[in-house]
Undergrad: 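Following this message is one structure expressed as structure tokens.
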Amino acid sequence: MEAIPYGRQDITDEDIQAVVETLKSDYLTQGPRIAEFEEAFADYVGSKYAVAISNGTAALHLCAIALNVEEGDKVITTPITFAASANCVLYCGGEVVFAEIDPATYLLDINKVRELLESTPKGTYKGIIPVDFAGRAVDLEAFRQLADEYDLWIIEDACHAPGGYFTDSKGTKQYCGNGNFADLAIFSFHPVKHIASGEGGMITTNDKELYKKLLKLRTHGITKNESEYKNSIEFAVGTTQNSNLNTQNYPNWYMEMQELGYNYRITDFQCALGTSQLKRADVGIERRREIAATYKKAFEGKEFIKGQSGIVEGHAYHLYVIEAGDRLGLYNYLREQSIFAQIHYIPCHLMPYYRQFGWKEGDMPNAENYYKHCISLPMYPTLTVEQQDFVINKINEYYG
Ligand SMILES: *Cc1c(COP(=O)(O)O)cnc(C)c1O
């Protein structure tokens, strides 16, 4: 029997062709496919700028550096996310403060964040990292208002939600990563996400200064932009003292390392794949929404279901989560049928690494209770109607 995973990539002949063409071109990396992908992606989410990065985790790291996270800085995020959303703060010496999820949406609960902010002197916290978990867009208009009151930055972890949106107070659709509310947003192009490039990531923003900083940080802190140079032309040319300088220009070879950056670049052939995949992103979301509607209908009113992702406008359905009684039994039963459901996520604050900072069971009852029952069902555009029926039938069969 063919295995049915919880998520998987879809690679077409056109995708393969795009990669092969790039492999035959002059550039494997640092060529024209990168800017092309950045422009297409910025256009897709509606942001002014986009910076392609080697993966989503590196993208988060660069965001934390660009926003000046330093030793001891406190940053708030959700425990129901992939650990990378929190780890980026630790990379910079900061401290992660987890806040509860709303059990109805599985997203960071803004009221709990407000309580945290109100219970400490202004200036205690530096930023918030909300996550569009499962593909459901966070109401960033509300988070921006709160963040402004407390002078905080926002990094939107939109890895699950390219193409997702929420509707703001004026009735406008606000697409995830469009930069209207968050300072920076990040995406991942790991094969289980909506758009695959192998490994890969993207940062989007509407802030030109942050954009310029990120371009440098992505490649060792080096700039080749003459207007930014700090050393003199004399130094750059290598003229000896008293010799006459016969040029007004920095030489072609010249570049400056101006801050401590990294090699977090992505390759051209990955971007060729990303651009090719992006062309089908809307079709993919449409199919994901169909699959979600079918699950919703199938499990409506079923007493073994304690909760489910349900149908929410603008949801990008990276995951379709149900909260089930006897989750372990269901998980094992599905595995026997080659249906590989998955758990998203083990609460981050209870990972052994995070327990060293004092986090313990009982700290986040909503998140911990969610973890006891959550299971992500197969959800990807190429899941067939027959496969989904099979999954639904097996679940019904298990609960008899
Ligand atoms: C996948 C993911 C990341 C990390 O992305 P990588 O490209 O795998 O490094 C970060 N946050 C969330 C919510 C993710 O799902």
Side-chain angles (χ1 to χ4, degrees), residues 5-9 37 41 45 50-65 75-92 96 98-99 101 105-108 127-138 140 143 154-164 176-177 182 184-204 214 218 262-267 270-271 273-274 277-278 288 309 315-321 342-349 351 353-354 367 370-371 374 376 379-380:
Y6 82 90
R8 67 158 294 154
Q9 74 278 15
F37 186 34
F41 196 82
V45 301
V51 183
I53 304 288
S54 50
N55 59 68
T57 305
L60 281 161
H61 185 191
L62 292 193
C63 288
I65 298 170
V75 175
I76 299 169
T77 192
T78 166
I80 298 300
T81 186
F82 184 58
S85 318
N87 294 349
C88 64
V89 175
L90 302 188
Y91 295 158
C92 296
V96 178
F98 294 101
I101 62 159
T105 62
Y106 313 148
L107 304 178
L108 184 61
I128 314 175
I129 307 179
V131 179
D132 300 312
F133 172 73
R136 183 170 181 150
V138 169
L140 285 178
F143 270 98
I154 296 174
I155 301 173
E156 177 187 10
D157 183 337
C159 282
H160 295 186
C176 296
L184 296 167
I186 71 111
F187 295 86
S188 163
F189 307 123
H190 181 278
V192 297
K193 310 286 164 75
H194 289 213
I195 295 156
S197 71
E199 299 288 349
M202 192 74 82
I203 305 172
T204 58
L214 290 164
R218 170 175 69 176
Y262 296 82
N263 177 357
Y264 281 171
R265 295 188 303 258
I266 192 168
T267 63
Q270 287 173 302
C271 286
L273 179 54
Q277 292 251 308
L278 188 57
R288 286 172 184 274
S309 290
H315 202 305
Y317 294 107
H318 166 56
L319 303 174
Y320 194 90
V321 179
Q342 187 52 284
I343 307 308
H344 300 93
Y345 288 98
I346 302 161
C348 196
H349 68 292
M351 287 291 177
Y353 187 81
Y354 277 94
Y370 163 83
Y371 168 63
C374 67
S376 306
M379 168 58 87
Y380 48 92

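Counting convention: from 1, in listed order, for ligands and their atoms alike.
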Undergrad: Only one of I266, I203, I186, L60 forms a side-chain contact (heavy atoms from CB on, under 4.5 Å) with I53, so which one is it?
TA: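 Of the listed residues I266, I203, I186, L60, the side-chain contact (heavy atoms from CB on, under 4.5 Å) partner of I53 is I203.
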Undergrad: Is there a side-chain contact between S309 and R136 in this structure, where contact means two heavy atoms from C-beta onward sitting under 4.5 Å apart?
TA: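 No, their side chains stay 4.5 Å or more apart.
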Undergrad: I need the contact type for T81 against ligand 1. Using non-hydrogen atoms and a strict under-4.0 Å cut-off, is it side chain, backbone, both or neither?
TA: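 The answer is the side chain of T81.
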Undergrad: Need the ligand 1 atom indices (1-based, order shown) with element for anything under 4.0 Å from a heavy-atom of F82.
TA: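 Those atoms are 2 (C), 3 (C), 4 (C), 10 (C), 12 (C), 14 (C).
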Undergrad: How far is atom 11 (N) of ligand 1 from its nearest protein heavy atom, and which residue and atom name does that atom have?
TA: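 The closest heavy atom on the protein side is D157 OD2, 2.8 Å.
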Undergrad: Which word best sums up how the rings of Y106 and Y370 line up, parallel for under 30°, tilted for 30 to 60°, or perpendicular for over 60°?
TA: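 Plane angle between 30° and 60°, so tilted.
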Undergrad: Quick one: which of G200, C88, S197, S188 has a heavy atom closest to atom 8 (O) of ligand 1?
TA: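 The nearest heavy atom belongs to S188.
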Undergrad: Between ligand 1 and G56, is the shortest N or O to N or O distance under 3.5 Å?
TA: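 Checking ligand 1 against G56, an N or O pair does fall under 3.5 Å apart.
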Undergrad: Which protein heavy atom lies closest to atom 1 (C) of ligand 1, and at what distance to 0.1 Å?
TA: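 The closest heavy atom on the protein side is K193 NZ, 1.5 Å.
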Undergrad: How far is atom 15 (O) of ligand 1 from its nearest protein heavy atom, and which residue and atom name does that atom have?
TA: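 So the nearest neighbour among protein heavy atoms is H160 NE2, 2.8 Å.
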Undergrad: Starting from atom 9 (O) of ligand 1, what is the nearest protein heavy atom, named by residue and atom, and what distance separates them?
TA: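 Looking only at protein heavy atoms, the one closest to atom 9 (O) of ligand 1 is T57 OG1, 2.5 Å.
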Undergrad: On a heavy-atom basis, which atom in H194 and which in A316 lie closest, and how many Å separate them?
TA: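 H194 and A316 have their closest heavy atoms at CE1-O, 2.9 Å.
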Undergrad: side-chain contact (heavy atoms from CB on, under 4.5 Å) with L184: which of I129, L214, I154, T204?
TA: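 The single option meeting the side-chain contact (heavy atoms from CB on, under 4.5 Å) with L184 is L214.
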Undergrad: For ligand 1, note which part of Y345 has a heavy atom under 4.0 Å away: side chain, backbone, both or neither.
TA: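 Within the 4.0 Å criterion, Y345 contacts ligand 1 through side-chain atoms alone.
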Undergrad: State if S85 counts as touching ligand 1 under the rule of any non-hydrogen atom under 4.0 Å.
TA: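 Within the 4.0 Å threshold, so yes.
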Undergrad: Which distance, rounded to the nearest 0.5 Å, do you find between the CZ of F143 and the CG of L107?
TA: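 Here the interatomic distance stands at 8.0 Å.
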Undergrad: Measure the spacing between NE2 of H315 and NE2 of H160 and express it to the nearest 0.5 Å.
TA: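 It comes to 10.5 Å.
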